Number of protein chains: 2
Amino acid sequence: MADGSMSRVTIFEVADLAGVSVGTVSKALNGRGQLRAETVERVRAAARDLGFEPSELAKSLLRGRTFTVGLLTSDSFGRFSIPLTSGIEDALGAGQISVFLCDARGDRVREQHYVRSLLSRRVDGIIVTGRRTDPRAPINDERLPVPVVYAYCQSSSPDDLSLLPDDYQGGQLAARHLLARGRRRLAHVTGPVRFAAVREREQGLRSVLDTAGVELPASRILAGEWTEAWGREAAGALLSQNPDVDAIFCGSDIIARGVADELREAGIRVPEDVALVGFDNWEIMAAATRPPLTSIDMNIEGLGKTAAHRLLAMIRGDALSGVERMPCRLVVRDSSGVSTLRDLSTEHDPSASL
Amino acid sequence: MADGSMSRVTIFEVADLAGVSVGTVSKALNGRGQLRAETVERVRAAARDLGFEPSELAKSLLRGRTFTVGLLTSDSFGRFSIPLTSGIEDALGAGQISVFLCDARGDRVREQHYVRSLLSRRVDGIIVTGRRTDPRAPINDERLPVPVVYAYCQSSSPDDLSLLPDDYQGGQLAARHLLARGRRRLAHVTGPVRFAAVREREQGLRSVLDTAGVELPASRILAGEWTEAWGREAAGALLSQNPDVDAIFCGSDIIARGVADELREAGIRVPEDVALVGFDNWEIMAAATRPPLTSIDMNIEGLGKTAAHRLLAMIRGDALSGVERMPCRLVVRDSSGVSTLRDLSTEHDPSASL
DNA sequence: AACGCCGCGGCAAAGGTTTTCCGGAACGTT
DNA sequence: AACGTTCCGGAAAACCTTTGCCGCGGCGTT
């Protein structure tokens, strides 16, 4: 009997079929009020037969909350957006919250348009994501009627809550790992210095080396593009100018891949001669590199989950703001040397030993 | 005066401020009915001052349409989901339609849950996406109250509308291109035969070679995994068993990359000795390959756009069904030989000359 | 026998907007 | 002066659901 061909079935038709009033139907279906068991069953049967599905629209209007949030990607969907979105959607979906997707494609006007659209749909909150961690203008000039969380991007307003990976700690992780592997002549091949992430990763690397009393001359820091070609070029330069380097920490897995290719083709063995650590832990890239690439994982999906949880807390009334950094973790593969020993540097605890 | 701190402003407050009734406010703001210009202006001013934004919820309830659609990714978000989603979101956003994002992660139960959730939110339609083009069970056992489009995946029910890239024609494109480049001893390194796309691309390749009277022995068709490692392995096998091959058409750019690496390291020149064509036109992969990879582009973003347009047509009442294939196009880079000549095989017209 | 209480279920308001219908005022016409 | 038009804006229904309040009937008690 389950027709359900048209979900235009309303509570009135269920009430008619069950021979009760609409209020009673609502109570029966939601387990409110005092109803005879027989009545409840009759209503349930009617609802089932008619394929009744209460309109979330009407509910939202009544309760003043929609259980929806907006996901506003300022930049277009990129590689990081996938795990980020997955994490957000996962955490929210479990709470029966639906997600509105908005891709502003880096267009400020479009972004404003989407914000208004989300507000008119009465979302309970908004998550803004990006593909760069550098500060950006907030989406609102004035105070918005709903809470906002910035995930994998940073609002330039300190009143907003921004969630970022801890690039500094990620750099430290790589440094500790390479030191633990006995390397002392490190180099760093990374992306454009205009990226905050580039600067922070380098600083993390430096902090550990400084503490350990290991030198890192400026000539062994090479900043370029986020490309394999740059990785190859930088590796070539290193080989000719700093041939004694025994470890290279790369600012991304893509760069690391270029470095690995260049080293191999130059007859340098990885990890025996030079140990290699990447950044991002981009599975498809790290696995295809020869040898498979040790890398720093920013745990973007976890960051997405956290962003969702923070937003929920703010919707519940908590007032959150400032920048929250999420720890990175080290994923060891062959490029930094095979070892059966547990590597202490994988500890998240910043006080972990070198 | 623009406060807007709380978008809880209703039409009633605007009416109060403007000294008119709510009906008049609605008419003034929407340009309906007969109103004095002075009245319209007064209402507009009041709405502006209060930061009034009409509730889409209330509108939806009234008009029986929400101007929202559900985007249901059966498989988790993958590489193809990005352009697909972009295309869909782009086409729908232009029509002021918002998108609900649902990632079922390949879980049938979760998928059903999402379908019910979308229906209870009264979406106007649903787009189902996947990352494989092979037929899959439809999301609905019975007829749904809203139209559904399958994009980059195929419903096993012929009553549904499915949009797919034309893998057959893509294979033809590659074949024509390589023939036009003067190659006659082709090989095909591709993914698992259980993928429909793998079979169709090979058939397209074959159809063109048959027509041209060019042989393609089974020993030059190598099916394996969608990995670079497989590409390298297959290329090695080809070199030892079919050293006279002068062109390789690969089932994906990833595979092609492995093939290219293996060839280069074996001292085979690309494209001089062996021309190479990939599939997917995955920019980051194609550009990083040495030499940059000629590839077949499935135009996934366009497919997403088309899916959105088809869904809109169905929402308007059109009855669409069956499988619609979208043409691929060839993107020429260095791996298939540099040429200043316009390549005839780039024509979409299937009747184009070889 | 009368009163009180409890179990059950109906009534109506509320939530925010659009739209139809209707009424009143002002103006023009005969 | 009376009637018809036109112009403007108000009242209320409709969309769908939840929930607080109220009423009615039956049962138990004194």
Side-chain angles (χ1 to χ4, degrees), chain A residues 6-44 46-47 50-68 96 116-117 119-124 145, chain B residues 6-44 46-47 50-68 96 116-117 119-124 145:
Chain A
M6 269 296 171
S7 188
R8 298 276 154 262
V9 180
T10 72
I11 201 171
F12 287 91
E13 317 179 36
V14 179
D16 278 356
L17 181 57
V20 294
S21 74
V22 291
T24 303
V25 173
S26 175
K27 286 168 193 158
L29 261 27
N30 296 313
R32 297 291 153 82
Q34 314 266 344
L35 265 52
R36 238 179 318 170
E38 188 271 333
T39 307
V40 172
E41 189 43 50
R42 194 151 36 92
V43 171
R44 283 219 187 107
L50 260 31
F52 170 68
E53 192 81 48
S55 164
E56 207 59 40
L57 245 46
K59 285 196 203 177
S60 296
L61 192 57
L62 192 57
R63 62 162 108 87
R65 239 197 97 176
T66 55
F67 285 93
T68 59
Q96 307 279 46
R116 299 188 50 161
S117 164
L119 290 181
S120 76
R121 292 202 185 274
R122 298 293 188 264
V123 292
D124 297 333
Chain B
M6 269 296 170
S7 188
R8 298 275 154 262
V9 180
T10 72
I11 201 172
F12 287 91
E13 317 180 34
V14 178
D16 277 355
L17 182 57
V20 295
S21 73
V22 292
T24 303
V25 173
S26 175
K27 286 170 199 157
L29 261 26
N30 297 313
R32 298 292 152 84
Q34 314 265 345
L35 264 48
R36 237 179 321 169
E38 189 271 333
T39 308
V40 171
E41 189 41 51
R42 193 152 36 93
V43 170
R44 283 218 186 109
L50 261 30
F52 170 67
E53 192 80 49
S55 164
E56 208 58 40
L57 243 46
K59 284 196 204 176
S60 296
L61 192 57
L62 189 57
R63 63 162 109 87
R65 240 198 97 176
T66 55
F67 285 93
T68 59
Q96 306 280 46
R116 299 187 51 161
S117 165
L119 290 181
S120 76
R121 291 202 185 276
R122 299 292 188 264
V123 293
D124 297 333

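Not measured: the values here are computed from a predicted model.
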Considering only heavy atoms and no angle criterion, is a donor-acceptor pair shorter than 3.5 Å present between the side chain of A/K27 and the base of D/dG20? yes

B/E41 vs B/E38 side-chain heavy atoms within contact, under 4.5 Å: no

Original post:
Is it true that a side-chain atom of A/R63 and a backbone atom of A/R65 form a donor plus acceptor pair closer than 3.5 Å?
Top reply: yes

note: B/N30, atom CG; D/dG9, atom P; distance rounded to Å ~ 16 Å

Walking DNA chain D from its 5' end, the first of B/V20 and B/L61 to be reached, judged by nearest nucleotide, is B/V20

To the nearest angstrom, the CZ-C1' distance between B/R32 and C/dT17 comes to 12 Å

When rounded to whole Å, the CG to P distance for the pair A/L62 and C/dG16 reads 10 Å

Count the heavy atoms belonging to other residues, nucleotides or ligands that lie under 6.0 Å from CZ of B/R42, then report whether that count exceeds 12.
yes

From CG of A/L35 across to P of C/dC6 the rounded distance in Å is 18 Å

Categorize B/S60 for me: base, sugar-phosphate, or nothing, with a 4.0 angstrom heavy-atom threshold over every strand shown. nothing

For this session: Respond yes when some side-chain nitrogen or oxygen of B/S21 is under 4.0 Å from OP1 or OP2 of D/dG9, and no when none is.
Result: no

Atom CG of A/L50 and atom P of D/dC16 are separated, to the nearest Å, by 14 Å

Looking only at C/dG10, D/dT17, D/dG9, the nucleotide nearest the B/R122 side chain is D/dT17

Checking D/dT17, D/dT19, C/dT18 against the side chain of B/S26 (C-beta onward), the nearest is C/dT18

From CZ of A/F12 across to C1' of D/dC15 the rounded distance in Å is 9 Å

The nucleotide from D/dC8, D/dT17, C/dT17 with an atom nearest the side chain of B/R36 is D/dC8

Per atom distances to the A/A58 side chain, the nearest of C/dG16, C/dG10, C/dG15 is C/dG15

Ranking C/dT17, D/dC8, D/dT18 by distance to the side chain of A/V22, first place goes to D/dT18

Side-chain contact check for B/T10: nearest option of C/dG16, D/dA11, D/dC8 is C/dG16

When rounded to whole Å, the CD to P distance for the pair A/Q34 and C/dC5 reads 17 Å

Closest to the side chain of A/S55, out of D/dC16, C/dC8, D/dG20, is D/dC16

**Asked** Should A/K59 and A/P54 count as side-chain neighbours, where that means a heavy-atom distance under 4.5 Å?
**Response** yes

| message | So for atom CZ, which belongs to B/R116, do other residues, nucleotides or ligands contribute more than 12 heavy atoms lying within a distance under 6.0 Å? | response | no

Rounded to whole Å, CD1 of A/I11 lies from P of D/dC15 at a distance of 14 Å

